[in-house]
Amino acid sequence: MAWFIMARKPAKYNTQITLAMENSGYSKIAPMTELEALIAAQNDKSISVAFHDFETGKQILIKADELYHPASTFKVHVMMEVFRQAQEGVLQLDDCIPIINSFTSIADGSKYSLDVNDDAEQTLYTRSGESETIRELTRLMIVRSSNLATNILLEKVGTKNINDFIQALGIEGVVVRRGVEDNAAFRLGMNNSATARGLSQTMQLIAEKKVISKEASEKMIEILLGQEFNESIPALLPKSVKVAHKTGWTNDVYHDTGIVFSEDRKPYVLSIMTKGFAEDQGSAAHQCMANISRLIFDQIQ
């Protein structure tokens, strides 16, 4: 499959880049495109893009296999395993499970708890000892990026099962090793990882209704459409465009991955991963991703 780098107008830059052409097996030197120029302008930042258009079959792959800390984007894979186990009858989405805030580190078996101040969703913390449905915990994990819901669900479904399902689906470069805020594991380098290619493969499978079943995929898309953090991929798109997506950020990494539904055409998948924006540069990171998203949107119209 060829890699397509699209440009609306002639490149204004003399910079040369190497484009790997997957079908031909050789490298070709081509002028830098508008998208690549936009990315190159972000000094000292690592930015990866993986795009697949269902309308034309075109792809954009820029540093698509570079490994990143996935931040909260891995929560999509937790959701997928929840739905898989529901399909298999291992659990029911309307089962109630306890709300807890005590988890076991994969590093040394020690116990740790999550800090409410580091969580975008805080309502669960006041309900410790109560119960909530798996369905609602899954929704909160995605639309509000609840760290507490994530760790509760991880303990329920198991990281091994998540990784086995990722591998069975043929998703590349995504590994889920631990829950959120397992600092003992973090210090030992035992971290989750993902690539832009792997995130886009994930969203492509969901968009194609190939994850578990058509019904399960549609339910996951519905949850992703409810995303409440919309500063990146959707931010500069027309209001009529709907984006089923999952954001993630921690320390100096900021990401967004999703399915973009535009009027009068098939959807497309876009994943953007970044590293190098400091914690106090969140607005700049989101603006960068929003600009990339809008540029791609304009180029395919």
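Please read these numbers as outputs of a predicted model, since none were measured by experiment.
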Side-chain heavy-atom pair [X], [Y] within 4.5 angstrom cut-off:
{"X": "V269", "Y": "F51", "result": "no"}
{"X": "D53", "Y": "R265", "result": "yes"}
{"X": "Q92", "Y": "I134", "result": "no"}
{"X": "H52", "Y": "S200", "result": "no"}
{"X": "M141", "Y": "L153", "result": "yes"}
{"X": "F297", "Y": "S262", "result": "yes"}

**Prompt:** Just one of V176, L199, V174 clears the side chain to side chain contact (heavy atoms under 4.5 Å, CB included) bar with F74, so which one?
**Reply:** V176

**Prompt:** Under the criterion side chain to side chain contact (heavy atoms under 4.5 Å, CB included), which of K63, M273, E172 is the partner of R197?
**Reply:** E172

Backbone N or O of [Y] within a donor-acceptor pair of the [X] side chain at under 3.5 Å?
{"X": "H245", "Y": "I259", "answer": "no"}
{"X": "Q122", "Y": "V116", "answer": "yes"}
{"X": "N147", "Y": "E181", "answer": "no"}
{"X": "T257", "Y": "S271", "answer": "no"}
{"X": "K75", "Y": "S145", "answer": "yes"}
{"X": "D256", "Y": "I272", "answer": "no"}
{"X": "R294", "Y": "L236", "answer": "yes"}

Side chains of [Y] and [X]: any donor to acceptor distance under 3.5 Å?
{"X": "K246", "Y": "S72", "value": "no"}
{"X": "D182", "Y": "S105", "value": "yes"}
{"X": "N291", "Y": "Q287", "value": "yes"}

**Item:** D94 atom CG: more than 12 heavy-atom contacts under 6.0 Å
**Value:** yes

**Item:** Pair K219 + E222: basic N to acidic O under 4.0 Å
**Value:** no

**Prompt:** Does E121 pair with R144 as a salt bridge, N-O distance under 4.0 Å?
**Reply:** yes

**Asked** Pick from Y254, F229, F277: which one makes a ring-ring contact (aromatic ring centres under 6.0 Å, His included) with H286?
**Response** Y254

**Complete:** Rounded to the nearest 0.5 Å, the CD atom of Q227 sits from the OG atom of S232 at a distance of 9.5 Å

**Prompt:** Could you give the distance from CD (E155) to CD1 (I97), rounded to the nearest 0.5 Å?
**Reply:** 10.0 Å

**Prompt:** Quick one: does NZ or CZ of K111 land under 6.0 Å from the six-membered ring centre of F103, within 45 degrees of the ring axis?
**Reply:** no

